[in-house]
There are 2 protein chains.
Amino acid sequence: MSLRYALLGLISKKPQTGYELYQTFQQQIIYFWNSTHSQIYTELRKMEQDEVISSELIYQEGSPNKKKYTITKEGEKDLIHWILEQKIKPAKIKDEFLIRASAFHLLSIDEILGLLDTIIEREQQILEGTLLWQSQHIEQEQPKFEQIGEYITSEYGIMYAKMYIDWCLKVKDILSKMDLEN
Amino acid sequence: MSLRYALLGLISKKPQTGYELYQTFQQQIIYFWNSTHSQIYTELRKMEQDEVISSELIYQEGSPNKKKYTITKEGEKDLIHWILEQKIKPAKIKDEFLIRASAFHLLSIDEILGLLDTIIEREQQILEGTLLWQSQHIEQEQPKFEQIGEYITSEYGIMYAKMYIDWCLKVKDILSKMDLEN
DNA sequence: GTGACATATGTCATTTTTGACATATAGAGC
DNA sequence: GCTCTATATGTCAAAAATGACATATGTCAC
């Protein structure tokens, strides 16, 4: 059910198409939720049936037609109720790299260092992308309350990526100390 | 398939029962993977069929019987191959609270502060639990290579919880500045 | 002119995950 | 005596998610 509320939250900011929502998931929401386009389109149709959103068909010549979704009064009521009254479930994380990390005792130091460097690079690129997005979309000097969601979640993305890099560096440090002692 | 390798990594450290594995997921692995007991028991049976683990039945009087699983040569080969050769998929996170955070524009300042305090408390309790676990299980002065997995993943848990708390405090700070300006 | 990529939405079989139900014993608290 | 919790494992229907396939057009590079 949470995907529904993630979509509802985005649509509550401004009417949007499924494709636009999908892109937002790929670019920003990726830090705390993930979905494929097939799941998003399917959920949007269910949401329209349940009348939490309404759609408007936009015909485009030479381009595929779009469906723009708008939140309904009922939808906004539902969303606020979910945010404030429903029990907050703890985050569910599936991080393959940490699975690997938990089995590092099976590898050599060099193999571990190789994996860590790959991840540091990956996270640095993600971090740069998020910093760029934030500088282009958020006025940090004078943030507006309407933008609070984008601002704080992009901030979260930045802090998460930095933490991940710091953790990788700490692991390298721990390893270097072990290496010297043996 | 990743659940399989998460289980395999744990069993590679020492032979274990499904129940023990489940408890480890609840206590430590929770930071980077989640699974229910039904899924773990089902996967263990499949893994035995595929001969990556073998089981030994332990009869207990007055207590339910156990099945202790041990990794096979084939299993260890499989695991190492997965760790080093398979493409590392990015983490998938489903964090309901951040879904809520992305819709904070629909709430009042007081409602937001209330939610943030709930989460700060939750994360502080998790942090304390992890710090306690680490102090009891890891020798930080002289960490042993066999323990590298537990050490660095518990370290990850600590850094993650701290980052989450810091982020909550930062959001409060951002809000306090906005409040003054309006 | 052709292959790749971006826009835009959809279906669908398979896999994964959830959460409730089920069973059995022991111990602690009320 | 009763309920709750912990140990220990299991089934199973339903829900959620994945990933491949499908369709249609415009643009851009080679």
Side-chain angles (χ1 to χ4, degrees), chain A residues 1-7 10-11 15-27 29-30 32-50 53 55-69 86-87 89-96 99, chain B residues 1-7 10-11 15-27 29-30 32-50 53 55-69 86-87 89-96 99:
Chain A
M1 270 290 104
S2 305
L3 172 60
R4 162 164 307 207
Y5 295 108
L7 292 167
L10 292 174
I11 299 169
Q16 288 178 75
T17 66
Y19 193 70
E20 285 169 324
L21 291 162
Y22 170 64
Q23 284 183 119
T24 303
F25 269 76
Q26 297 308 297
Q27 289 156 24
I29 309 297
I30 201 77
F32 55 93
W33 208 267
N34 67 85
S35 266
T36 54
H37 76 272
S38 54
Q39 211 186 348
I40 290 171
Y41 287 123
T42 306
E43 185 63 31
L44 285 168
R45 263 173 277 134
K46 279 191 217 157
M47 286 162 75
E48 195 178 7
Q49 268 175 35
D50 294 344
I53 52 173
S55 75
E56 183 200 353
L57 244 164
I58 297 173
Y59 295 96
Q60 294 189 126
E61 285 167 51
S63 261
N65 294 328
K66 299 189 217 181
K67 262 191 224 167
K68 196 174 232 175
Y69 291 100
Q86 290 295 114
K87 197 177 173 288
K89 288 185 200 156
K92 282 179 201 168
I93 305 173
K94 305 233 158 166
D95 189 332
E96 272 197 1
I99 297 284
Chain B
M1 270 291 104
S2 306
L3 171 60
R4 163 164 305 208
Y5 295 108
L7 292 168
L10 293 174
I11 298 169
Q16 287 177 75
T17 65
Y19 192 71
E20 285 170 324
L21 292 161
Y22 170 63
Q23 284 184 119
T24 302
F25 271 76
Q26 296 309 298
Q27 288 156 25
I29 310 298
I30 200 78
F32 54 94
W33 207 267
N34 68 85
S35 266
T36 54
H37 76 273
S38 53
Q39 210 185 351
I40 291 171
Y41 286 123
T42 307
E43 186 62 32
L44 285 169
R45 261 173 278 136
K46 279 192 218 154
M47 287 163 75
E48 195 178 6
Q49 266 176 37
D50 294 343
I53 52 173
S55 74
E56 181 200 354
L57 243 165
I58 298 173
Y59 295 95
Q60 295 190 125
E61 285 167 51
S63 261
N65 294 329
K66 298 189 220 183
K67 261 192 225 168
K68 196 172 232 176
Y69 291 99
Q86 290 295 116
K87 197 177 171 289
K89 288 185 199 154
K92 283 178 199 166
I93 305 174
K94 305 232 157 167
D95 190 331
E96 272 197 2
I99 296 284

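The chains referred to below are lettered A, B, ... by the order of the sequence lines, with proteins before strands, and numbering in each begins at 1. Just so it is clear, the model here is predicted, and its values are computed rather than measured.
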N/O (side chain, B/Y19) to phosphate O (OP1/OP2, D/dT9) under 4.0 Å: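 Indeed not, no polar side-chain atom of B/Y19 lies that close.
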
Side-chain N or O of A/R45 closer than 4.0 Å to phosphate OP1/OP2 of C/dT11: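 Yes, A/R45 has a side-chain N/O under 4.0 Å of OP1/OP2 on C/dT11.
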
When you measure from the side chain of [X], which nucleotide among [options] comes out closest?
X: A/S38; options: D/dG19, C/dG19, C/dA8; value: D/dG19
X: B/K67; options: D/dT11, D/dA17, D/dT9; value: D/dT9
X: A/H37; options: D/dA20, D/dA17, C/dT7; value: D/dA20
X: A/Y41; options: C/dT16, D/dT18, C/dG10; value: C/dG10
X: B/Q39; options: C/dT17, D/dA17, D/dA6; value: C/dT17

Nearest 0.5 Å please: distance from the [atom1] atom of [X] over to the [atom2] atom of [Y].
X: B/E43; Y: B/L3; atom1: CD; atom2: CG; result: 5.0 Å
X: A/K89; Y: B/I99; atom1: NZ; atom2: CD1; result: 12.0 Å
X: A/I29; Y: A/Q23; atom1: CD1; atom2: CD; result: 12.5 Å
X: A/N34; Y: A/K94; atom1: CG; atom2: NZ; result: 10.5 Å

Side-chain heavy atoms of A/R4 within contact of A/K46, under 4.5 Å: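 Yes, side chains in contact.
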
Check: A/L10 and A/Y69 side chains under 4.5 Å, non-hydrogen atoms: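 Not in contact.
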
When the distance from [atom1] of [X] to [atom2] of [N] is rounded to whole Å, what number comes out?
X: A/L57; N: C/dG10; atom1: CG; atom2: C1'; answer: 13 Å
X: B/L3; N: C/dT16; atom1: CG; atom2: C1'; answer: 10 Å
X: A/Q27; N: C/dA6; atom1: CD; atom2: P; answer: 12 Å
X: A/E20; N: C/dA8; atom1: CD; atom2: P; answer: 7 Å
X: A/E56; N: C/dA8; atom1: CD; atom2: C1'; answer: 16 Å
X: A/K46; N: D/dA17; atom1: NZ; atom2: C1'; answer: 11 Å
X: B/Q26; N: D/dA6; atom1: CD; atom2: P; answer: 12 Å
X: A/K66; N: D/dT23; atom1: NZ; atom2: P; answer: 24 Å

Positions of residues 89-96 of chain A (non-hydrogen atom under 4.0 Å from DNA chain D), listed by number: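 Result for residues 89-96 of chain A: none.
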
First of A/E43 and B/Y22 reached from the 5' end of DNA chain D, by closest nucleotide: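 Its nucleotide being nearer the 5' end, the pick is B/Y22.
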
Criterion side chain to side chain contact (heavy atoms under 4.5 Å, CB included) on B/F25 and B/L7, from CA distance to verdict: CA-CA 9 Å; B/F25 271 76; B/L7 292 168; 3.6 Å; yes

Touch class at under 4.0 angstrom, heavy-atom based, for A/Q23 against every strand present: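 Sugar-phosphate: the residue A/Q23, judged by heavy atoms under 4.0 Å, touches backbone atoms but no base.
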
Touch class at under 4.0 angstrom, heavy-atom based, for B/T17 against every strand present: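 Touches sugar-phosphate only.
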
Derivation and outcome, side chain to side chain contact (heavy atoms under 4.5 Å, CB included), residues A/K67 and A/L44: CA-CA 10 Å; A/K67 262 191 224 167; A/L44 285 168; over 6 Å; no

